[in-house]
Trainee: 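Attaching a single structure in C-alpha cells format; questions to follow.
This one's a predicted model, so the numbers in the text were calculated from it and none came from an experiment.
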Amino acid sequence: MQVSPTSSAPYCLIVDDEPRLRQVMAHLMRSDGFQCVEAANGLEALMLLETTPAILVLSDLRMPKMDGMELLRAIRARFPDIAVVMITAVADVEMAVNCLSLGAADYVVKPYQVEDVRARVSQALDKRRL
C-alpha cells in the first residue's frame, strides 16, 4: 500500500496487482489533481477505504485475494458514494455489462488511451455528483 502526502486534493484509489500499472495510473491521476492511494488487491483497497476519503476508485478486474468484481460489490455495499471505474485487459461485453449492472460507473479496456481514461473518470465523477 502506498499513500501520497496530504493536501486538499480529492483522493483516488488505484487497485491493481501490477505495481507498474498502478504507478502509471497514479501519475496520470496526480497530473489531473488527485491524491493517489494504491492497493495491490481488493482486500488492501477495502482497508484503505476505511481510513481514506476516496471519491474515485480505479480497479483492475483480475487480482489475487479479492478480484475487482468482489471489490465492486463491497464498495457498493459499504461506500455507495464512491465512483468506481473498472479496468481490464479482457474486452468482454458480458463482463462490462456485469460491472455496470453491479454499479460501476464505467469500464476501460487495456491498453487504454490517456484521454479515454480522463473522459471516463470525468463522466464517473459527474454521475457521482448527481
Trainee: Do you reckon L21 sits in the same ILVMFWY cluster as Y107, going by side-chain contacts under 4.5 Å, direct or chained?
Mentor: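 The answer is no; the residues belong to distinct hydrophobic clusters.
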Trainee: Going from CG on L56 to CG on L125, what distance comes out if it is rounded to the nearest 0.5 angstrom?
Mentor: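 Going from the CG atom of L56 to the CG atom of L125 covers 5.0 Å.
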Trainee: Applying side chain to side chain contact (heavy atoms under 4.5 Å, CB included), run through Q35 and V37 and close with a yes or a no.
Mentor: CA-CA 7 Å; Q35 292 184 78; V37 183; 5.9 Å; no
Trainee: Work out which heavy atom in A39 is nearest to a heavy atom in A45; give both atom names and the distance.
Mentor: CB-N, 3.5 Å
Trainee: Less than 4.5 Å apart, any side-chain heavy atom of L58 and any of C12?
Mentor: yes
Trainee: Please report, to 0.1 Å, the donor-acceptor pairs under 3.5 Å made by any side chain of residues 63-71, with sequence neighbours excluded.
Mentor:
unit_1, atom_1, unit_2, atom_2, d
D67, OD1, M69, N, 3.1
D67, OD1, E70, N, 2.9
E70, OE2, D67, N, 3.3

Trainee: Considering the options V85, L49, L72, which one meets the side-chain contact (heavy atoms from CB on, under 4.5 Å) requirement together with V57?
Mentor: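 Single pass found, and it is L49.
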Trainee: Checking P19 now: which residues fulfil side chain to side chain contact (heavy atoms under 4.5 Å, CB included) with it, not counting sequence neighbours?
Mentor: R22
Trainee: Specify the closest pair of heavy atoms between T88 and D60, including all atoms of both residues, with the distance to one decimal.
Mentor: CA-OD1, 3.9 Å
Trainee: What is the distance from atom CE of M25 to atom CZ of F34, rounded to the nearest 0.5 Å?
Mentor: 11.5 Å
Trainee: Supply the atom-to-atom distance L13 CG to I75 CD1, rounded to the nearest 0.5 angstrom.
Mentor: 7.0 Å
Trainee: Rounded to the nearest 0.5 Å, how far apart are OH of Y11 and CD1 of I82?
Mentor: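 Nearest 0.5 Å value for the OH-CD1 distance: 13.0 Å.
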Trainee: Give the cluster check for V121 versus L100: same hydrophobic cluster or not, with ILVMFWY residues linked at side-chain heavy-atom distances below 4.5 Å.
Mentor: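 No.
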Trainee: Check step by step if side chain to side chain contact (heavy atoms under 4.5 Å, CB included) holds for D16 and K110.
Mentor: CA-CA 12 Å; D16 197 311; K110 298 175 191 172; 3.3 Å; yes
Trainee: What's the separation between atom CG in D106 and atom OG in S122, rounded to the nearest 0.5 Å?
Mentor: 11.0 Å
Trainee: Would you say the side chain of V24 lies within less than 4.5 Å of the side chain of L28, judging by non-hydrogen atoms?
Mentor: no
Trainee: For E115, give me all partners under side chain to side chain donor-acceptor pair (under 3.5 Å), at least two apart in sequence or on another chain.
Mentor: R118
Trainee: Mind checking salt bridge (Lys or Arg N to Asp or Glu O under 4.0 Å) for E50 and listing every partner two or more places apart, or none if nothing turns up?
Mentor: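 Residues passing salt bridge (Lys or Arg N to Asp or Glu O under 4.0 Å) with E50: R78.
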Trainee: Which heavy atom of A124 sits nearest to which heavy atom of A83, and what is that distance?
Mentor: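 Looking at all heavy atoms of both residues, the shortest contact is O-CB, 3.8 Å.
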Trainee: My understanding is that only residues two or more places apart in sequence, or in another chain, count here; which of them pass side chain to side chain donor-acceptor pair (under 3.5 Å) with D116?
Mentor: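 If we apply the side chain to side chain donor-acceptor pair (under 3.5 Å) test to D116, skipping adjacent residues, the hits are R120.
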Trainee: With sequence neighbours left out, what residues match A26 under side chain to side chain contact (heavy atoms under 4.5 Å, CB included)?
Mentor: I14, R30, C36, E38
